[in-house]
There are 2 protein chains.
Amino acid sequence: MANGLPDSGGNRANGRAPSEGAVPVGADRELPVLDLEPGRPAPVRERADAARNRMRVLKAAEKLFAETDARHVTMDEIAKAAGVGRATLYRRYPDPASIATALLDEHERQVQEHILSGPPPLGPGASPADRLAAFHVAMTDLLERHLHLVLGAETGSARFGTGAYRFWRLHVRMLLTEAGVPDPDAMTDAVLAPLAPEVYQFQRHTLGLSQARVTEALVWSARRLAGHDPGRA
Amino acid sequence: MANGLPDSGGNRANGRAPSEGAVPVGADRELPVLDLEPGRPAPVRERADAARNRMRVLKAAEKLFAETDARHVTMDEIAKAAGVGRATLYRRYPDPASIATALLDEHERQVQEHILSGPPPLGPGASPADRLAAFHVAMTDLLERHLHLVLGAETGSARFGTGAYRFWRLHVRMLLTEAGVPDPDAMTDAVLAPLAPEVYQFQRHTLGLSQARVTEALVWSARRLAGHDPGRA
DNA sequence: CGAGAACCGGACATGGTGTCCATATGGCTG
DNA sequence: CAGCCATATGGACACCATGTCCGGTTCTCG
């Protein structure tokens, strides 16, 4: 997975607000995430040792996020596990969340591409209700497979600063608009809210619900909200 | 507000899970929150200086939560602002969240009482759809008035450990069941998710939506989900 | 093959956490 | 009313995590 130079260029600047304003570092890339250039060869050619270390870091972080509570993974631990110094880590990533984001990036991008140009019902062509339902299926699938990373990357309010969230938001807003839902701007975040990683974790692991039940509940609710409405109030 | 000895007895033990299991301190009180005994006079009589200090702490914390980002309020700041030592704070509250919880407690309790025995549509007597709609109105009202406290108390996954959440969950689950919604256990948390303080804050202050729009979107969606369904799938 | 740039990681300063213990204070009893 | 004991108090301590800096090392290009 971490073989396609996932972040050599500048995709760590995807919008997490560290604390108060003050644009982090490289505030180019205004696009949500989405920047479909398969393999641009990095601005100045990455040094071999740097690449090797980045891979080690990514691999170690992946492991840590998976094996321990992703929300309490620390830069120190990652550095130790990867066998590099902390400063080396900070050179590339400002915090654990951005490492999780880097690991998550390609998976999210994949879903995004399917949404934009894949086959229906996830891609264009189906009815808004069907697309919204398919979106929920895809998202719960993503959550199920990479929950630890999502917990590491998009917890709490950080979620809303993510480039990924901007993308999901745009998409859902469009679907709700097409479906004729009253106030799409206000509805969108309500529709997206159950996909917060904390909610999914609570349902799956505290409540013990199966993935299928969670997914089906969301699908049902998607259809109910965006489906043809035979005379609503 | 903080005049009725809001927490002299033992309501700080309302279920926040600090990190990993290990029941905090006073694991009596298994009830959600709800413990309607107007003014039981505290186990052993609280010392006067203790009472005075607790009031000072509560007042200072309230101010801090309101004036600065509630999620970054620290025990140190509260102690300094209240003019007491840190250890004094720790004696009563394990972390800032539990202080926010204490401040929030009576407001939430009030809503809970209205739900249990107030007039319809919030209280018993109305249709499930109407009650769910009224619930959302009451909740957004609570969020609007005390967002800073909720952000301090129920952020991220902490929300789910709260006694309050258990109560809301029970109530919504019942309404959804009555309304004939398919899998209430899975639906409930999806319905509750948009009421997470981070979501509300994002809608109100990042997006700039009015309270009315947010509320109405939730009300619409509540009716849509729990309303009479002319032949659902 | 050598010079310069990029990278590395140990060390430092800072700030928050949670706990301990000697001291001060309040409430009860004789 | 005085004295005692339990409780409350807060300064100090040890720990952990964060970010940053700088001297030394390693790579790449000419």
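Chain letters run A, B, ... following the sequence lines, proteins first and then strands; every chain starts at 1.
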Value in whole Å for how far the C1' atom of D:dC15 lies from NE2 of A:H72: 17 Å
query: Quick one: which of C:dG9, C:dC20, D:dT18 gets closest to the side chain of A:A87?
result: C:dG9
task: Check every atom of C:dT17, C:dC20, D:dT9 against the side chain of B:R91 and return the nucleotide holding the closest atom.
output: D:dT9
statement: Looking only at heavy atoms, the pair that brings B:A158 and B:A153 closest together is CB-O, 4.3 Å
Distance, rounded to the nearest Å, where B:D76 contributes CG and D:dG10 contributes C1': 12 Å
statement: In whole angstroms, the gap separating P of D:dA17 from CG of A:L64 amounts to 12 Å
- prompt: Rounded to the Å, how far apart are A:K80 NZ and C:dG9 C1'?
  reply: 12 Å
- prompt: More 5' along DNA chain C: B:R52 or B:P96, using each one's nearest nucleotide?
  reply: B:P96
query: Can you tell me how far the CZ atom of B:R159 sits from the CG atom of B:D189, to the nearest 0.5 Å?
result: 9.0 Å
message: With a 4.0 Å cutoff (strictly under), does any side-chain N or O of B:R92 reach OP1 or OP2 of D:dT9?
response: yes
query: Hey, is the main chain of B:A164 close enough, under 3.5 Å, to the side chain of B:E108 for a donor-acceptor pair?
result: no
- request: Grab the CD1-P distance between B:I78 and C:dG16 for me, whole Å please.
  value: 12 Å
task: Using modelled atom types only, decide if a donor and an acceptor are shared between the side chain of B:R204 and the backbone of B:L209 within a distance under 3.5 Å.
output: yes
message: Without decimals, in angstroms, what is the distance between A:Y90 OH and D:dC22 P?
response: 18 Å
- request: Describe the nucleic acid contact of A:T88 in one word from base, sugar-phosphate, nothing, applying a heavy-atom distance below 4.0 Å.
  value: base
B:R86 side chain near D:dG10 phosphate (N/O to OP1/OP2, under 4.0 Å): no
message: Using 30° and 60° as the class boundaries, would you call the ring planes of A:Y165 and B:F202 parallel, tilted or perpendicular?
response: perpendicular
OP1 or OP2 of D:dA8 under 4.0 Å from side-chain N/O of B:N53: no
- request: Report yes if at least one side-chain N or O of B:T74 is closer than 4.0 Å to OP1 or OP2 of C:dT17; otherwise report no.
  value: yes
query: Given atom CE of A:M75 and atom P of C:dA11, what is their separation to the nearest angstrom?
result: 20 Å
